[in-house]
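In what follows, a structure is listed as structure tokens, so that the remarks can point back to it.
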There are 2 protein chains.
Amino acid sequence: MAKRKTISIKDVARESGASLTTVSLVLNDRDHRISPATRERVLKAVDRLGYRPNRLAQGLQSQKSGLIAILVPQLRHAFADAYFGELISAIHDHASEVGYKILLEVARPEFIKSNQHQELFDRHFVDGILCCGVTNKDVYLKEFAGAGRAVVVVNNYLPSFKLNHVCCDYKAAGRMAGEYLLDLGHRRMGLIHGAQEVQTSLDLQHGFEEALRDAGVKLPASLVEDGLYTEEGGEAAAKRMMKRNPGVTAILAGNDKMAIGAITGLKDAGFRVPEDVSVVGCDDMHQAGYCDPPLTTVHTPIYELGKRACERLMDLIKGRVDIVEEIHPVNMTIRKSASPPKPA
Amino acid sequence: MAKRKTISIKDVARESGASLTTVSLVLNDRDHRISPATRERVLKAVDRLGYRPNRLAQGLQSQKSGLIAILVPQLRHAFADAYFGELISAIHDHASEVGYKILLEVARPEFIKSNQHQELFDRHFVDGILCCGVTNKDVYLKEFAGAGRAVVVVNNYLPSFKLNHVCCDYKAAGRMAGEYLLDLGHRRMGLIHGAQEVQTSLDLQHGFEEALRDAGVKLPASLVEDGLYTEEGGEAAAKRMMKRNPGVTAILAGNDKMAIGAITGLKDAGFRVPEDVSVVGCDDMHQAGYCDPPLTTVHTPIYELGKRACERLMDLIKGRVDIVEEIHPVNMTIRKSASPPKPA
DNA sequence: TTTGATATGTAAAACGTTTTACCAGAGGCG
DNA sequence: CGCCTCTGGTAAAACGTTTTACATATCAAA
């Protein structure tokens with residue numbers, strides 16, 4: 001183990017015959033008080049020694065860590081998920097563009113209970129936090145509200161208290177899917193939502209109901225199932241629904257995973273998709289183009305959203321804005337999993 | 001923005017009437033030189049003030065950052081991938097168990113070119129790095145070799161120089177899949193590999209060839225296609241292969257994504273799976289159980305592997321070991337995408 | 001020649017910890 | 001009494017930066 005001696009700004013000062021302060025001034029290009037000659041000497045020395053500033057020291061001095069945290073919920077395997085993956089990818093891309101690095105955190109119960117989400121700030125681990133996959137049950141988020149902490153909720157929001165957020169318009173998504181299916185001629189439709197405690201899931205349902213109601217169509221409780229946001233859940237939900245309501249001709253799922261699960265379940269129960277039952281998803285993940293049949297789904301601009309959330313978080317950190325509230329539009333991606341209902 | 005004053009150990013000292021040193025000693029439980037009485041006083045003060053040590057200061061003092069980086073390659077959207085997701089998930093779980101936090105980094109060309117991978121160490125960003133998804137072309141890894149830096153390659157290794165690694169036995173995987181298909185009665189089989197520059201991909205191929213050769217079966221170059229580790233690639237590769245070799249009855253794919261793509265491609269070209277062509281994948285990702293037909297695949301213990309890699313990295317950081325070289329066994333998960341070939 | 005500005009540079013403080021080295025008092029022992 | 005060893009505690013140095021406030025030399029103007 002060749003222990004390479006860590007070299008500090010002091011070494012550079014000695015090597016270049018300048019003072020500590022001078023080196024720092026040169027490196028940070030503060031005021032250009034330093035003459036080109038010494039400047040040159042210092043830079044040469046930096047190069048020769050391969051000096052790199054210690055960011056722990058920098059952070060201590062500046063009271064900035066240069067990191068932001070991404071907080072994701074504890075799912076089966078939190079990161080093995082295309083939706084969060086896309087979000088994280090977007091955030092990372094933008095953060096590193098502006099010189100920030102990102103820390104990954106999973107909001108498990110112990111994590112929250114031991115107040116580690118607060119400690120991320122208190123202990124100067126990070127300068128800001130992006131919260132993904134939050135639900136209405138995440139009451140701990142309240143502790144972030146208005147406390148002068150740089151926190152942004154990504155693709156959701158909390159109805160019970162004000163929190164910075166950047167979100168897609170899920171009500172419009174539900175409405176859009178509803179109108180699309182109505183246009184195809186469907187009159188008996190079901191919904192598989194992700195979770196009653198997720199606000200965007202409720203919004204989707206409300207939008208869907210609204211579209212149906214405007215066309216004089218009802219969405220009774222018996223046609224609403226919980227699909228848990230998973231393939232398995234979607235599969236089971238679809239089977240339950242078809243058992244209780246064999247006459248259903250179309251299903252809207254709250255995300256693509258449940259939609260794909262639903263397709264599996266429908267096929268398994270002897271229904272053809274889309275000939276017997278149409279299925280519409282929501283998200284438009286990469287995978288949606290590669291199932292059988294390729295999924296018709298509401299496209300939510302997840303990547304773009306992650307990027308925006310990151311940008312706005314930076315604004316909060318730099319003090320350029322005080323609150324963040326953004327809603328982004330969505331649109332439909334038509335593939336092959338939805339068609340007109342078969343003539344009765 | 002209510003700026004909450006950051007409170008330091010000095011405040012605790014004043015509040016408790018003890019010295020700075022005493023407070024530190026109490027908090028770190030170094031020698032129990034402190035009397036229970038003062039100990040109590042200090043702890044009370046800590047509680048009253050809600051003091052939390054600043055980890056930048058701690059890091060500066062200890063020369064440890066308490067962070068490890070996960071380095072992933074730049075794919076389409078690096079994190080939106082079940083394989084890397086699983087790995088990251090495992091690493092995060094174990095790291096946080098031992099008090100470490102994780103930093104995400106994508107190894108883009110600019111990142112490497114500007115030497116940021118080295119700077120992660122030089123600038124004291126992290127104490128160690130886990131490299132995922134590396135290829136034989138990642139020559140920059142050489143700079144990590146033997147330099148006394150805590151680096152572990154996860155689920156791969158480099159043939160051209162020694163680097164710490166924890167890896168699955170892909171040669172055995174190839175052999176196992178080959179033997180399984182041979183046992184089913186297949187004699188004309190193709191391979192869709194991920195990339196010629198990935199060592200484990202080559203190992204898989206060698207194992208597969210070996211099994212076939214042992215049974216007197218050849219794997220000519222015309223039956224080997226590149227599937228780019230993606231669904232699209234797998235689909236295209238399967239189509240190319242069947243066009244050139246309509247007599248093929250089974251295909252082994254280097255990962256599940258390509259296998260699923262291949263199934264899509266085969267169906268599209270009019271083949272039934274597995275009746276006309278059997279498909280075997282590799283990885284056993286969650287998704288493998290939810291395609292049509294459910295995928296028969298070689299199970300590589302990815303989660304376990306990520307955890308082990310993290311454990312061994314800790315060993316390196318703490319100086320408990322000097323080198324790491326682990327190979328983990330694999331096994332088959334039988335589902336429905338492979339069956340005996342139809343009688344000719 | 002003095003005065004004052006300007007240009008270039010530096011010493012020292014500060015950020016918040018941990019660790020090292022030292023100190024005072026108490027008790028034991030010859 | 002003189003010496004030594006504990007016990008409980010603290011002052012100060014160190015980690016590596018940035019920033020503030022001061023110092024010196026030069027030069028122009030009065």
Side-chain angles (χ1 to χ4, degrees), chain A residues 3-43 45-46 49-66 99 119 121-125 127, chain B residues 3-43 45-46 49-67 99 119 121-127:
Chain A
K3 209 68 182 183
R4 60 180 71 194
K5 172 90 178 87
T6 158
I7 70 124
S8 85
I9 201 173
K10 219 177 272 183
D11 301 309
V12 177
R14 183 164 352 93
E15 173 83 6
S16 67
S19 81
L20 231 170
T21 314
T22 303
V23 176
S24 176
L25 290 179
V26 167
L27 260 44
N28 295 288
D29 230 8
R30 284 269 174 291
D31 307 326
H32 358 210
R33 325 166 28 127
I34 308 303
S35 73
T38 34
R39 200 183 133 72
E40 195 60 25
R41 253 189 315 135
V42 168
L43 258 29
V46 165
L49 272 53
Y51 164 75
R52 292 289 171 262
N54 180 324
R55 81 169 196 95
L56 289 165
Q58 286 181 319
L60 179 56
Q61 165 64 32
S62 68
Q63 300 288 51
K64 294 270 170 225
S65 71
E119 293 206 347
F121 284 116
D122 290 341
R123 304 198 52 197
H124 296 262
F125 265 107
D127 300 337
Chain B
K3 209 73 185 175
R4 60 180 69 195
K5 172 86 177 94
T6 159
I7 70 126
S8 85
I9 200 174
K10 217 177 275 182
D11 301 310
V12 177
R14 183 164 356 92
E15 174 84 7
S16 68
S19 82
L20 232 171
T21 314
T22 304
V23 176
S24 176
L25 290 180
V26 168
L27 260 45
N28 295 289
D29 230 8
R30 283 272 173 288
D31 307 326
H32 357 211
R33 325 164 30 129
I34 308 303
S35 73
T38 35
R39 201 184 131 71
E40 196 59 26
R41 253 189 314 133
V42 168
L43 258 27
V46 165
L49 271 52
Y51 165 74
R52 292 289 172 265
N54 180 325
R55 81 168 195 97
L56 289 165
Q58 287 181 318
L60 179 57
Q61 164 65 30
S62 67
Q63 300 289 52
K64 292 268 171 229
S65 71
L67 306 181
E119 294 206 346
F121 284 116
D122 290 340
R123 303 198 51 196
H124 296 262
F125 265 106
V126 304
D127 299 337

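Nothing here was measured: the structure is a model prediction, and the numbers come from that model. Per chain, numbering begins at 1; letters A, B, ... match sequence-line order.
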**OP:** Treat primed atoms plus P, OP1 and OP2 as sugar-phosphate and everything else as base, then score nucleotides 17-27 of chain D 5' to 3': B for base contact with protein heavy atoms under 4.0 Å, S for sugar-phosphate contact only, - for none.
**Re:** BBBB-------
Original post:
Can you check the Leu56(A) CG to dG16(C) P distance for me, whole Å?
Top reply: 15 Å
Original post:
Rounded to whole angstrom units, what separation is found between the CG atom of Asp122(A) and the P atom of dG16(C)?
Top reply: 13 Å
**OP:** Would you please name every residue forming a side-chain hydrogen bond (donor to acceptor under 3.5 Å, both in side chains) with Thr38(A), sequence neighbours left out?
**Re:** Ser35(A)
Original post:
Taking only residues two or more places apart in sequence, or in another chain, which ones meet Asp127(B) in a side-chain hydrogen bond (donor to acceptor under 3.5 Å, both in side chains)?
Top reply: Ser65(B), Tyr100(B)
Original post:
Is the phosphate of dG8(D), meaning OP1 or OP2, less than 4.0 Å from a side-chain N or O of Ser35(B)?
Top reply: no
Original post:
Any side-chain N or O of Gln63(B) less than 4.0 Å from the OP1 or OP2 oxygen of dA14(D)?
Top reply: no
Original post:
Looking only at heavy atoms, what is the nearest atom pair of Ala13(B) and Ser19(B), with distance?
Top reply: CB-C, 3.9 Å
Original post:
When you match Ser19(B) and Leu60(B) each to their closest nucleotide on DNA chain D, which lands nearer the 5' end?
Top reply: Ser19(B)
Original post:
Considering residues at least two apart in sequence or located in another chain, which fulfil the side-chain contact (heavy atoms from CB on, under 4.5 Å) criterion with Leu49(A)?
Top reply: Ile7(A), Asp11(A), Val12(A), Glu15(A)
Subject >> Contacts of Ile9(B) that satisfy side-chain contact (heavy atoms from CB on, under 4.5 Å) - sequence neighbours left out >> reply: Leu20(B), Val23(B), Ser24(B), Tyr51(B)
Subject >> side-chain hydrogen bond (donor to acceptor under 3.5 Å, both in side chains) pairs, two or more places apart, involving residues 55-64 of chain B >> reply: Arg123(A)-Gln58(B)
